[in-house]
Structure formats: structure tokens, C-alpha cells
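Input: a single structure, listed below in C-alpha cells.
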2 protein chains.
Amino acid sequence: MSDLEVRQLRYFVAVAEELHFGRAANRLGMAQPPLSRAIREIERQLGVTLLERTTRRVALTAAGEVLLRDARTALAAVTAAGRRAQHAGRSEPTLRLAMKADYDGGLLPQILAAYRAEPAALPLQFVLGGRAQQEPALRDGRADIALLQRPFDDRGLDVEPLLTEPRLLAVAATDPLTAHEQLHLADLKGRFLPDGRAADREDLPPVRATGPGPDGQPARQPRQLDLAQIFNLVELGDSVWFPPASIVRRHPRPGIVHRPVVDLPPLQLALAWPQESHSPAVAAFVRTACEVAAATAPMGTGMATATGT
Amino acid sequence: MSDLEVRQLRYFVAVAEELHFGRAANRLGMAQPPLSRAIREIERQLGVTLLERTTRRVALTAAGEVLLRDARTALAAVTAAGRRAQHAGRSEPTLRLAMKADYDGGLLPQILAAYRAEPAALPLQFVLGGRAQQEPALRDGRADIALLQRPFDDRGLDVEPLLTEPRLLAVAATDPLTAHEQLHLADLKGRFLPDGRAADREDLPPVRATGPGPDGQPARQPRQLDLAQIFNLVELGDSVWFPPASIVRRHPRPGIVHRPVVDLPPLQLALAWPQESHSPAVAAFVRTACEVAAATAPMGTGMATATGT
DNA sequence: GATCACTCATACCCGCAGGGTATCAGTGGT
DNA sequence: ACCACTGATACCCTGCGGGTATGAGTGATC
């Protein structure tokens with residue numbers, strides 16, 4: 001039996017995600033009949049049924065579930081191979097760091113300064129993006145290393161914890177909550193984070209609509225809000241927020257008050273990079289960053305009590 | 001830029017491994033000109049030079065090195081996707097365990113007995129093979145779980161150490177070494193293991209020829225020897241060997257004597273399985289095996305002193 | 001329960017990507 | 001200087017992947 005082709009994997013993933021041949025074909029920019037044929041051909045090659053289909057319903061079989069998961073990782077691996085080779089061939093090599101802007105525990109300036117002194121250092125390039133983009137960027141070769149909030153899916157990645165930083169409650173200065181000097185999560189019942197999650201159960205998915213999306217429909221997926229938008233919502237009393245101490249320090253803002261929350265899990269930042277990376281630049285960055293973090297950690301945690309405005 | 005195709009990856013790997021277009025084309029079962037074109041096309045797509053070629057010499061560039069490594073893992077991921085889906089589609093699902101025959105620390109019978117009592121258990125199927133085949137079998141979807149000797153390349157795998165078992169020196173009963181009740185590695189200087197490695201430095205590659213290969217040429221890669229062959233070489237005084245205690249127990253053999261070697265690293269066995277595995281059968285097997293190993297470990301290590309014949 | 005809307009499968013056609021053969025053109029050894 | 005070796009180029013051709021038209025099964029509606 002011969003290997004599947006990348007094209008076949010992409011087709012299958014599209015159908016498995018849409019569970020609808022017409023929509024999947026549309027997404028792939030092709031007509032429906034050749035897509036149906038292609039899926040049949042995959043099933044024939046593997047000798048396995050991947051989709052139960054009637055003319056009214058398409059559903060994944062157990063084998064289909066397995067293939068969907070493995071096909072996604074295989075596709076990411078193929079994309080990564082091309083991108084990494086492409087990047088390695090550049091005449092001026094760089095180290096591409098994926099991170100969420102400002103989520104560096106305040107350490108990045110020092111890390112960069114120390115890193116630039118390393119002999120194996122390369123010029124840095126930043127791949128900014130929200131949590132949802134960073135880890136895929138690492139997997140498909142758009143970034144060489146990432147500074148990520150835990151927890152994240154670390155399959156196929158090497159991880160080095162960097163620092164743990166307390167988070168604070170950010171709330172409008174006019175809010176009655178400011179009367180307390182410190183709070184518990186239970187005090188936040190009925191409050192919402194800017195992305196619509198319940199403030200006292202941020203582990204659960206969003207439960208509040210976050211305004212209409214670009215198409216006028218209520219947004220199902222919360223839009224990615226930038227810092228200015230978040231501050232605005234907090235200052236207006238619409239939402240509360242849990243910024244890490246380093247962001248509070250970096251963006252002082254009258255009209256917003258900060259309070260410690262005793263049972264709020266801290267922000268954990270870690271470096272992650274592909275296991276197959278053999279780049280000395282990555283190794284040097286990891287080493288440098290860990291040294292800087294170890295030397296600075298006590299100071300960083302000390303900021304936990306620097307609250308209020 | 002679009003993804004590379006599986007075919008392109010295979011072509012590149014062949015050329016990068018052979019460093020010779022003609023041989024690579026031959027290995028791929030095709031003519032040389034289309035292969036040359038295909039490689040050029042890859043370089044055009046990526047905008048990167050992968051191979052420095054004159055008519056007399058082909059060499060990998062840095063980008064080529066990167067692509068070779070990543071292409072191999074990507075190909076394994078694609079193969080694995082197909083194979084796992086294929087296996088998941090079987091009407092009678094099984095758990096495929098990769099292992100080297102007899103390298104189970106003597107625990108396998110008990111593990112199997114306990115595993116069969118598990119509710120999530122599936123019928124077992126064995127994928128037997130030497131060290132070099134087990135770990136790739138796991139990566140490309142031919143096996144669901146493996147019982148491996150450490151150390152091995154654990155990238156992309158989840159690992160659970162199972163047991164550590166002492167190894168003994170196996171030597172011909174007529175050998176003068178049998179005069180000592182226990183030995184050091186240094187005593188084995190000048191002796192060889194059945195595969196041609198120096199007995200006092202088994203971490204180094206083979207230094208002694210191990211007889212002609214099937215083609216009459218001296219074998220560069222030592223052939224895989226089976227237990228009977230190994231015993232024979234040892235009994236004849238040609239080689240010494242380091243069997244783990246459980247194998248000594250299982251295959252008593254007059255004519256071969258066993259002695260402890262104080263500074264010989266023990267055999268470490270671990271279970272490994274693909275990180276992306278979500279199979280309850282794998283989870284159940286790991287749990288069961290660990291329980292059995294934990295319950296049996298003291299007895300297993302106690303066998304360390306059961307030497308001689 | 002007949003009709004209808006929806007959607008997946010089948011039939012048939014076509015263009016081009018990818019492979020083959022013949023040959024050219026460097027390169028390094030003798 | 002010649003020769004053997006090997007990668008590149010030129011050109012042809014076949015088969016595969018995609019398009020269009022249409023059939024056929026399914027589930028909801030009245």
C-alpha cells in the first residue's frame with residue numbers, strides 16, 4: 001500500500017471538518033464530484049470506510065476520527081518541512097520568536113540584551129499573535145521558538161518553563177469591588193472577562209456575547225481584542241480583566257484599579273520549540289532566557305503587591 | 001507558497017541520502033531526468049538551493065540538511081496517518097505491541113494476564129524486531145505501543161519507564177574469565193560482542209568484521225543475529241555477551257557461564273507510544289504494565305545474583 | 001404517502017503535470 | 001588531450017485529477 005498524498009490529506013480534512021461535501025469542495029476551490037471521488041479513492045487505498053454518508057448526513061467513522069487527527073499533524077509536518085528549509089536558505093538567517101505582545105513577564109528586554117551578546121545569536125524576528133496562533137506557528141515552521149502561556153498542547157515540542165507571574169484583577173476605579181483590598185474569585189460571580197468568559201470560571205468557554213461580528217451577526221468566536229480595547233471595556237465597567245503584574249507595570253492607566261485575587265491561578269510562561277530543532281541559535285536563546293529569568297524571578301514576584309493606581 | 005507534495009519529499013530524501021541523481025532515480029524506480037527536474041522544481045517552489053551539484057559531486061546545503069531531517073519526519077507522519085486509520089478501521093481492533101523477542105524483563109506473561117482482565121483491553125498482536133525497527137514502527141503507525149531498551153530517540157513519543165534489570169556477562173564455560181566470581185569491564189579488553197562491538201566499550205560502533213554478508217563482501221552493517229546464533233558464538237568462545245538476567249533465567253544453557261560485571265550499565269526497559277495516541281487500549285496497557293512492574297520489581301532485581309550455570 | 005429540496009454518486013470529457021527517451025555539456029582523472 | 005561519468009536539456013506522450021451534466025437516494029412537509 002502506498003502513502004497518501006498531501007492533496008488527499010487536505011481533501012479529507014476539509015470534508016471531515018465540514019461534514020458536507022459541497023461546502024468542503026467550495027472551501028477547497030473545486031467542484032464536489034472530484035472531491036467525492038477523491039475521498040472514495042482514499043477509502044479504497046486504505047481499505048477502510050472513513051465516512052458514513054447518506055445524502056442527508058455525513059459522519060466520521062472511528063477510522064475517520066483517527067485519520068483526521070493524524071492527517072492534521074502530518075500536514076503540519078509537511079508544511080513545516082518546506083517552511084523551515086525555506087527559512088534556513090535565507091542569506092541572512094534569523095531567529096523567529098512567536099509571542100503575544102506584552103506577555104513576556106517584563107523580561108524580554110533583558111533577555112534580548114543578554115541574547116545579543118551570545119556567540120550563536122542570530123538577529124531576532126517577532127511573530128506576534130494570540131495564543132491560538134503561536135503554537136501552530138511553531139508546528140508548521142513559521143517560528144523557531146515561542147514564548148507561550150501554559151497550559152498548551154506540548155506534543156512534539158520541547159518545553160522549558162520560564163517564569164510564574166501573579167495576575168491581578170483590573171476593574172474600573174468606580175467599581176464597588178475596589179472597596180476590598182483583596183478578593184476571591186467567588187466575589188466576581190456575575191462579572192465577565194473582555195472575551196465573554198465568566199470571571200469566576202475562566203476555564204469555561206465564553207457565555208456572554210461580545211458584540212456583533214464584522215458581518216453584523218452576533219460573534220460566535222470572540223474577536224481578538226487588543227490592549228486598548230480591553231482597557232476601554234474595563235474602564236467603562238463592562239468587563240473585568242486579569243492582567244499579569246508586568247503588564248500592569250508597563251501600562252499604568254488612571255481609571256483602572258488593580259487588586260490581588262488570592263485564588264487566581266498565576267500566569268505561567270514557558271519557552272517551547274520543535275523537538276527536531278537542532279539550531280544552536282534556539283539553544284542559545286533558551287539558555288540565555290532561563291538564566292535571565294532565574295536571576296530576575298524574585299523581583300518579578302515581588303511586584304505581586306504593587307496594586308491600585 | 002503551497003505545500004510540498006509527498007512525492008517531492010520522497011524524491012528529495014532519496015537524492016539527499018544517495019547524493020547521486022542516478023542512484024536515487026534507480027532506487028525510486030524512475031529515470032534520472034525527471035528526478036533532476038523534480039528537485040529543481042522543489043528549489044524553485046521554496047526559492048532556496050538545496051543541493052550544490054557539479055557533474056562530479058552532489059552536496060547538501062544547510063537548507064538541504066534542514067529539509068532532509070524535516071522531510072523524514074513529515075514522511076513518517078504521513079505514512080503513520082494512513083496506517084493508523086487503516087488499522088483503526090479493522091473490524092476486530094487489536095493493540096500492536098512492538099518489542100524485541102525475550103527483552104521483556106520476564107514480565108510480559110504477567111503483564112498480558114493482567115491486561116486481558118482490563119475492560120478497555122484489545123487482543124494483542126506482536127510486532128517483533130530489533131532495536132532499529134521498533135521505534136520507526138511506532139512512528140509510522142505499524143505499532144501502537146513499544147517495549148524499548150533505553151536510550152532511544154523519544155521525540156514525538158510519550159515514555160513510561162518500566163524496569164531496570166541487571167545484565168550479566170555470558171562467556172564460554174571453558175573461558176579463563178570464569179575463574180573470577182565477578183568482573184569489571186576493564187577485564188574484557190580485547191573481547192568482542194557478537195555484533196562486533198568491543199566488549200569494554202559497547203557504546204562505540206562495531207570494530208570487528210562479523211563475517212561476510214549475503215553478497216560475499218565483508219558486512220559493513222552487522223547482521224541481526226538471533227539468540228541461537230549468539231549462544232553459539234559465545235559457547236564457541238568467539239564472543240562474549242551481556243544478556244539481561246531475565247534472558248539468562250529463561251534460556252539456561254550448559255556450556256555458557258554467567259558472571260556479574262560490576263560496572264556494566266543495566267538494561268532499562270520503557271514503554272513508548274505516539275503522543276497523539278488517544279487510544280484507551282494503549283492507556284490501559286501502560287497502566288497495567290506499570291502496576292505489574294512496580295509489584296514485581298523487587299523480585300526482578302533480586303535475580304541479579306543468580307549467576308553461573 | 002406523494003412531492004420536493006437537498007446532497008452525494010456516476011458518466012463522460014479534457015488539459016496538463018509528471019514520466020520516458022535521446023542527447024548535450026560540464027568535470028575530473030589519467 | 002582524451003575519456004568516462006553524471007547532471008541538465010529537449011521533446012514526446014500517457015494517465016490522472018478536475019470540470020460539467022445528470023442520476024439517485026433521503027428525509028421533511030402537507
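For the pair B/Leu19 and A/Glu41, both in contact range of DNA chain D, the more 5′-proximal nearest nucleotide belongs to B/Leu19.
Distances were taken from every side-chain heavy atom of B/Ser36 (C-beta onward) to each of D/dT20, D/dG7, C/dA9; the shortest belongs to D/dG7. When each of D/dG7, D/dG17, D/dC5 is scored by its nearest atom to the side-chain atoms of A/Arg7, the top-ranked nucleotide is D/dG17.
Side-chain N or O atoms of A/Glu43 include one that pairs as donor or acceptor with a backbone N or O of A/Leu50 at under 3.5 Å. Judged by distance alone, the side chain of A/Gln8 and the main-chain N or O of A/Glu5 form a donor-acceptor pair under 3.5 Å.
Within the 4.0 Å cut-off from OP1 or OP2 of D/dG25, not a single side-chain nitrogen or oxygen of A/Arg56 is found. Of the side-chain N and O atoms in A/Arg40, one or more sit less than 4.0 angstrom from OP1 or OP2 of C/dT10.
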Checklist entry - Step by step, would you call A/Arg84 with A/Glu276 a salt bridge (Lys or Arg N to Asp or Glu O under 4.0 Å)? => result CA-CA 11 Å; A/Arg84 297 215 184 99; A/Glu276 61 268 30; 3.3 Å; yes

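Partners of A/Arg287 according to the salt bridge (charged side-chain N to carboxylate O under 4.0 Å, His left out) rule, which considers only residues two or more places apart in sequence or in another chain, are A/Glu118. Remark: B/Arg23 pairs with B/Glu18 by the salt bridge (charged side-chain N to carboxylate O under 4.0 Å, His left out) rule, at least two apart or across chains.
A heavy-atom distance below 4.0 Å to DNA chain C is reached by these residues of residues 25-33 of chain A, ordered by number: A/Gln32, A/Pro33.
Not a single donor-acceptor pair, N or O on each side, falls under 3.5 Å between the base of D/dG7 and the side chain of B/Thr55.
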